[in-house]
Amino acid sequence: MSFSVWAPSHERVQVRVGGRDHGMAAGEGGWWHSDVPSVPGTDYAFVLDGSGDALPDPRSSWQPNGVHAASRVYDHNTFEWTDRSWTGRGLPGAVVYELHIGTFTSAGTFDGAVERLDHLVELGVTHVEVMPVNSFDGTAGWGYDGVLWGAVHEPYGGPDGFKRFVDACHGRGLAVLLDVVYNHLGPSGAYLDRFGPYFAGSNDWGPGLNLDGAGSDEVRRYVVDNALGWLRDFHVDGLRLDAVHALVDRSALHVLEQLAVEVDALSAAVGRPLTLIAESDLNDARLVTAREGGGYGLHAQWSDDLHHALHVALSGETFGYYPDFEGRLAETLREVFFHAGTWSSFRGRHHGRPVDRDRLPGYRFLAYLQNHDQVGNRATGDRLSATVPWQRQAVGAAIVFCMPYTPMIFMGEEWAASTPWQFFASFPDPELAEAVRTGRRREFGRHGWGESEVPDPIDPETVRRSTLRWDEVSTPGHRELFDLYRALIALRRSRPELVDPRLDRFVVREEGSVLVLHRGSLRVVCNLGEDAEVRLDVEAGEVLLASAEVKVDGQAVHLPADSFAILESASVTPRIPGRASRPR
């Protein structure tokens, strides 16, 4: 077998196979190569300049003994896929479900997650977004401290386990999106800097990647090849790109645009849609603008502004970065970003730029009531359902599912799970573990939380507390919300007005605590205040779905507090999809 590694600044490189060191020959561009008899399952590592330290392969596909140990040869061709008929799913009309393998089930494995996929099918989601699964130090963690980007975390089930999960999803008609982190590496087990100039500068999480300096060509290939590998070798349908604003790249061709170009080429080759979704703090739609229009050509991005406006309206919280969003719900729902060249008090500067609502489709922006960040980065990891009644959360869900954006659900949200989702890690190094523990408590102490109130992220009990309790789904107060989520998704799927992505046709009317969304012939009426009578601009017809008893009298709709109703407008003739009128 041929072993290769990029180590441009070293004078001698060896590969250790079966306990023996074998010399490697220097090739072009700083690459080293060696042919050593081996088979899949063989352990190997690299030794640089005779140091004696055996380091794992930066491009490892398998780390069965952890991130500090030797890599293991893995053959992607040996897995027997059953998804040959899978043709993929595009993002328009999608419903995304974000989950964390380690806490989605008590087993904390891919196989354990497979046992709950039928729940997602019943709910009606189309895409499963899996939080990072690449190798990190320890057994439990969110996944954002990964250090070997191509190796699947062994405690979850390793590479074969992930393939079984993807295969099972495809068998049920579910597309799989994988969360990947290219803006930094974790603090333990990151040996890239020993091999070459992978890092340059720093960001909030540590050293940043060298994307535009000397030696950056191979670093960029490291990123792009890793992304292509998940999509090609693991049959993943798309990637969620973590915090792309931290990717500092002054090249004429930004690495994100390079990635979009190569993913489009792979999509054509495999014959199914492949999706790139960015998480960005920039509020800049250039990320999701087509390359022909001068953008990067990514397919979608998260919109935290939509979350913030919804959260303030539902919970009444106005601390941290929330104050700017008070009373701004309708405006933000219409414009995608509230901060669109406007003053951000949290940042102390103007921020963002407007979205071109005439040209950009709404499905390129993900909307959500909750996600792993907005729950897990609260001091106690409390969910929205710990703050507001499930009936009020249901109103928020109606808004999310009836907007022209791509809705996303965070695991357990659909039944108002009682379990929090807290920050946790399991670094074996005692000093690092204590630094994480102290840092977490100090961070929230600045915001008025006592140390005893902040969960210990290293305590295994924190992981157990954060693991979903599936016995709740069928119990009172949980089943009602699940049924409403399911009904909302089914209605969204059956009525083309609700998936219409044209932002220039999306009208939002707000009167006090009452919000009305105009979706073609439908009106989505939401009461987030006291008992109210709402007068519509059209005569109300059939009530398609409601979360409480609704009285309709002509243009007047009587709606209890914390409830919603979706109505057909009797005075508007519904448009039939595919039958456009001809000009005379």
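Note that this is a predicted model, so its numbers are computed, not measured.
Of the charged side-chain nitrogens involved, at least one lies within less than 4.0 Å of a carboxylate oxygen, so that Arg291 and Glu257 count as a salt-bridged pair. A salt bridge links Arg194 with Asp53: the distance from a Lys NZ or Arg NE/NH1/NH2 to an Asp or Glu carboxylate oxygen falls below 4.0 Å. At a threshold of 4.0 Å, the pair Glu472-Arg469 counts as salt-bridged, since one of the basic side-chain nitrogens sits closer than that to a carboxylate oxygen. Salt bridge absent: Arg72 and Glu154 never bring a charged side-chain N and a carboxylate O closer than 4.0 Å. Using a cut-off of 4.0 Å between Lys/Arg side-chain N and Asp/Glu carboxylate O, Asp57 and Arg59 are scored as not salt-bridged. Asp242 has a carboxylate O that lies under 4.0 Å from a charged side-chain N of Arg240, or vice versa, which qualifies the two as a salt bridge.
Under the side-chain hydrogen bond (donor to acceptor under 3.5 Å, both in side chains) criterion, Asp204 pairs with no residue at all, not counting sequence neighbours. Every residue two or more places apart in sequence or in another chain that forms a side-chain hydrogen bond (donor to acceptor under 3.5 Å, both in side chains) with Thr103 is listed here: His100, Trp421.
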Can I get a per-line list of side-chain donor-acceptor pairs under 3.5 Å for residues 428-438, giving both atom names and the distance, sequence neighbours left out?
{"unit_1": "Asp429", "atom_1": "OD1", "unit_2": "Glu431", "atom_2": "N", "d": "3.0"}
{"unit_1": "Glu434", "atom_1": "OE1", "unit_2": "Arg437", "atom_2": "NH1", "d": "2.5"}
{"unit_1": "Glu434", "atom_1": "OE2", "unit_2": "Thr438", "atom_2": "OG1", "d": "3.0"}
{"unit_1": "Arg437", "atom_1": "NE", "unit_2": "Asp456", "atom_2": "OD1", "d": "2.9"}
{"unit_1": "Arg437", "atom_1": "NE", "unit_2": "Asp456", "atom_2": "OD2", "d": "3.1"}
{"unit_1": "Thr438", "atom_1": "OG1", "unit_2": "Glu434", "atom_2": "O", "d": "2.9"}

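Taking the six-membered ring wherever Trp is involved, the centroid distance between the rings of His372 and Phe410 does not fall below 6.0 Å. For Tyr182 and Trp149, the distance between ring centers is under 6.0 angstrom.
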- Task: Go through the steps for Trp6 and Tyr198 under the test ring-ring contact (aromatic ring centres under 6.0 Å, His included), then give the verdict.
- Result: CA-CA 11 Å; Trp6 185 59; Tyr198 281 92; 5.3 Å; yes
- Would you please test Ser71 and Gln63 for side-chain hydrogen bond (donor to acceptor under 3.5 Å, both in side chains) and show each step? CA-CA 5 Å; Ser71 302; Gln63 291 294 131; 2.5 Å; yes
- Message: Show, in sequence, the C-alpha distance, side-chain angles and deciding distance for Leu177 and Leu239, and conclude whether the side-chain contact (heavy atoms from CB on, under 4.5 Å) test is met.
- Response: CA-CA 5 Å; Leu177 307 171; Leu239 303 173; over 6 Å; no
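For CD of Glu122, the number of neighbouring non-hydrogen atoms (other residues, nucleotides, ligands) closer than 6.0 Å is greater than 12. With a 6.0 Å radius and a threshold of 12 heavy atoms from other residues, nucleotides or ligands, Glu115 has its CD atom at or below the threshold.
When only modelled atom types and interatomic distance are considered, His22 and Ser34 share no side-chain donor-acceptor pair under 3.5 Å.
Ring planes of Tyr156 and His153: perpendicular class, angle over 60° (limits at 30 and 60°). The aromatic rings of Tyr296 and His254 lie parallel to each other, their planes meeting at an angle below 30°, with 60° marking the opposite boundary. Taking the six-membered ring where the residue is Trp, Trp142 and Tyr144 present perpendicular rings, their angle passing 60° and hence far from 30°.
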